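Here's the structure, in structure tokens; my notes come after.
Everything numeric in this text was worked out from a predicted model, so none of it was measured. Along the sequence shown, the residues carry numbers beginning at 1.
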Amino acid sequence: MLAIFGSHAASAPGIWGNPLFTFLMVILGIFIFLKFCSWAKKFSLSAGFKKTVFILTGVGLVVFNVMYSMGNKSFAQNGDLNGALIAFLASMAWVFIFAFALMAETKPRSE
């Protein structure tokens, strides 16, 4: 689990500190993401909705960085991983929302 957050990967116990396991998890994540993107191409969204998602992604960039920074401070002070884990999971969920909006076709404008 600590391998996800990088800074303490070498001291992670058991399989989480194994570089081969970390590499395989990254490869699995890339594969799942590519499958998701190819699935998202089958959908179509309005241009307004896509624009809203893109704007929220810019705002989210700042929010997720602040959340992650607070989570790292909490981990450094108390050893509590919950803040960084919540920031990581929230940002990963938004990555999939952004990728869906990016990959989906834009509906033609009806006049």
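Put simply, CD1 on I27 and OG1 on T22 are 12.0 Å apart, with the number rounded to the nearest 0.5 Å. The CG atom of L81 sits 11.0 Å away from the CZ atom of F88 when rounded to the nearest 0.5 Å. With values rounded to the nearest 0.5 angstrom, F75 atom CZ is found 9.5 Å from Y68 atom OH. The CG atom of L28 lies 9.0 Å from the CZ atom of F21; values are rounded to the nearest 0.5 Å. Atom OG of S38 is separated from atom CE of M103 by 8.0 Å, given to the nearest 0.5 angstrom. Distance CG/L61 to OG/S91: 10.5 Å, rounded to 0.5 Å.
Remark: of the listed residues T57, I55, L56, T57 is the sole one forming a side chain to side chain contact (heavy atoms under 4.5 Å, CB included) with V53.
Within a 6.0 Å sphere centred on CZ of F54, other residues, nucleotides and ligands contribute more than 12 heavy atoms.
Cluster membership for M92 and I30, using ILVMFWY side-chain heavy atoms within less than 4.5 angstrom, is not shared. A continuous path of ILVMFWY side-chain contacts below 4.5 Å connects F49 to F43, so both sit in one hydrophobic cluster. Connection of I15 to F23 is not established within any shared hydrophobic cluster, with ILVMFWY side chains joined at heavy-atom distances below 4.5 Å, either directly or through further cluster members. Using a 4.5 Å cut-off between side-chain heavy atoms of Ile, Leu, Val, Met, Phe, Trp and Tyr, with links allowed through other members, I97 and M67 fall into the same hydrophobic cluster. Put simply, F64 and L102 are part of the same group of oily side chains (I, L, V, M, F, W, Y) that touch within less than 4.5 Å, one to the next.
Panel note: side chain S74, backbone M70; no donor-acceptor pair is recorded below 3.5 Å. Judged by distance alone, with hydrogens and angles left aside, the side-chain atoms of N78 form no donor-acceptor pair with the main-chain N or O of D80 at under 3.5 Å. With hydrogens and angles ignored, the 3.5 Å screen pairs no side-chain donor or acceptor of S69 with any backbone N or O of N65. Side-chain atoms of K50 come within 3.5 Å of backbone atoms of A104 as a donor-acceptor pair (strictly under, hydrogens ignored).
The two residues A101 and L45 come nearest to each other via the heavy atoms CA-CD1, 3.8 Å.
Applying the ring pair (Phe, Tyr, Trp, His ring centres under 6.0 Å) test to F96 and every residue at least two apart in sequence or in another chain returns F33, F36.
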